[in-house]
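Working notes for the structure below.
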Amino acid sequence: MFELVNELRSGAEELKKRTHNPISLTAGCELFIAFVTLFPHQSDSFSDLKTELVAQGQKYASEAISYRHKIAELMLGFIKDDSVILTHSYSRVVMKALLHAHQTKRISVYVTEARPRGHGIKTHEALTAAGIPCTVVLDSAVAYVMDKVDFVLVGSEAVVESGGLINAVGSNQMAIIARAANKPFYALAESYKFHRLFPLSQYDLPTHSTNILSFPPIPPKSQDTSGVSPGSQAPLHNGNTASKGKIGKHAERLMSLEQVALNPEVDYTRPDLISLVFSDVGILTPEAISQYLVAMFAG
Amino acid sequence: MSPGSHGASSSQRSVETLVAKLRRRQVVGSRETALETVLVLRQVVSKARFSNITQLVTLIRSVGKRLVEAQPKGAPIFECAPSLHAISLPYLEEYNTASKGTAAASTKPVYSISTFVLQGQPRKHTIGAQKSEATITLKEDDPDDPDSFARALKPVFMEAIQDVLDELETVYDNISKNAKDHIHSDEIILTIGNSKTVESFLKGAGHYRNFTVIVAETGPSYGGHEMAQSLSSAGISTFLVPDSSIYAIMSRVNKVIIGAHAILANGGMFAITGSLLAATAARVHSTPVVVCAGQFKLTPLWNLYHDYGALDFADPSSVLGFEEGSLVDKVDVLNPYYDYVGPELVDVFITNDGDHPPSSVYRLIKEAYDDEDYEL
């Protein structure tokens, strides 16, 4: 048994290494490992237990597909006719909820571009194809658009024990602005995204590394500086990096790949900024998340 | 509901009577409604003929639907839905315990990942819970004696209903029991409306402490007048103030204590008009807002439609009477009866089952309601 858990752990480790963004993966792996350790079995032999566990895993995987629909169903009651919704980046569960709502209600959607990956464009394409009025807004225009929206709807990478949310970078600022404008901020999360983690700040996330937001060395002055002193600028907005030549003239205003690499992909939203979390186990206040997590993992 | 209806015309009649009373607003207030509903349901169950649990549940559901539809404007489901749910759950619980003896052998608890997520770690007693609780042997749909099922179960249900009734009757006592822990000597309390719960809470504290109550008169229903009268006759020093001065006096107030009409799953609540004003003013001065309410006021609804929080409207003549004839046809007069007070404005709910912050209301509701019961 102990060996099996060890096997699972190293398997999970391996998976994590291969993926770009391990947070939601970790949540899922930990759920299964916790289940395996605590599974009350009456199997006589280990191979029986093994088949049983595999079957349970497959059963859950097939059930899990339906969770998004369940969440969309729960969400429906909160979407009024003629709602204007702001969403962020691309999330499958949010798409499901929006498309489901579109069948019975008139909704229109603002979606942020979600730099640097630009997943907002994907959302826009899908929604427009479904006939939902949709406009892409700049990530920096969230505050501008906030007064026009009824509520904010985001998906999640993971929901953590504090009740906070880990999601594509930009969610946090969106939540802060929503709070300032007194608009509800709803997060959608399937229950396998509940993650036993208690980040106190952005920099406690497992995705954070010393590299992120670090200051790169200043390039020697002798090369082609365009008159701007690089030292006086924040490195993220610094136009003169060594890679300038690669990007080409028209894209001069975009960040270089090196610059993007210094930026986080996900951020952490404090629980007090989240109105409700919609999950397949029900509609939860952020506080409720910890109750579920403790029930699963504590002790 | 075939076998239930024909044998029970008198209980049908009692349902209709309650429906009519609700329509005419002869029964107002959530406790009254809850009490009446439970009484009617008791009658329905005692008269009903059923040979399996599904028939009974359908019967209760149909009565519930009937009552909900009877609500003025059909919209505020919450008025009697809570009590209905409250009973239908004990039914099922009792049924489950009663039928365990027969069913236990066949149904081994299935434990999958989704139940793990839902219920957490398996506890010892859930696994080996095949207790021999079967005191009565039950047989559904017995062709020889179709009434045997009902005969066996009815006493159990009656007991469950009686429990609910008892709980409703002792609500005020239980809430005011701890009043002295919440109100301290020489405090100044602001209240609004004429809530029986708040009244008994304040009176309960009045036995132990000297404090001052400021009652907002709560126009246009002016329930505050009665409240002030009742409190001062109980020997509590009481001031009656107009609603418009709530903000001005808030700086001197130590605590705001208000009643609720219904508490929603998100921790928000519907309360008499003016509550939102008082709660918002309290927030500005960081004055604690305490809500006293019986547990039967919990509803499994979220803040749906809270934009129309004032869905229930009262008689506009108390705002603009016909003596102002020249004005009446020139203006629209609205007299909303309830305010929606959001969870962020409430500090604590004092119920007959302990004190709870708004953020854990959902848990109370989860304990009290079945998932399928959400939609009646």
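Predicted, not measured: the structure shown is a model, and the values here were computed from it. Chain naming here is simple, since letters A, B, ... match the order of the sequence lines and numbering starts at 1 in each.
For a residue to count as touching a neighbouring chain, one of its non-hydrogen atoms must lie under 4.5 Å from one of that chain's; by this rule A:L31 touches chain B with backbone and side chain alike. In this structure, chain B has no heavy atom under 4.5 Å from any part of A:A55. Contacts of A:F32 with chain B are made by side-chain atoms alone, with heavy-atom separations under 4.5 Å and no backbone atom involved. When heavy atoms are compared at a cutoff of 4.5 Å, A:Y67 approaches chain B solely by way of its side chain, counted from C-beta outward.
Applying the side-chain hydrogen bond (donor to acceptor under 3.5 Å, both in side chains) rule to A:S108 yields no partners; only residues at least two apart in sequence or on another chain are considered. Every residue two or more places apart in sequence or in another chain was checked for a side-chain hydrogen bond (donor to acceptor under 3.5 Å, both in side chains) with A:D48, and none qualifies.
Within a 6.0 Å radius of CD in A:E7, other residues, nucleotides and ligands contribute 12 heavy atoms or fewer. A:K96 NZ: 12 or fewer foreign heavy atoms inside a 6.0 Å radius.
B:R363 contributes atom CZ, which lies 9.0 Å from atom OG1 of A:T285 (distance to the nearest 0.5 angstrom).
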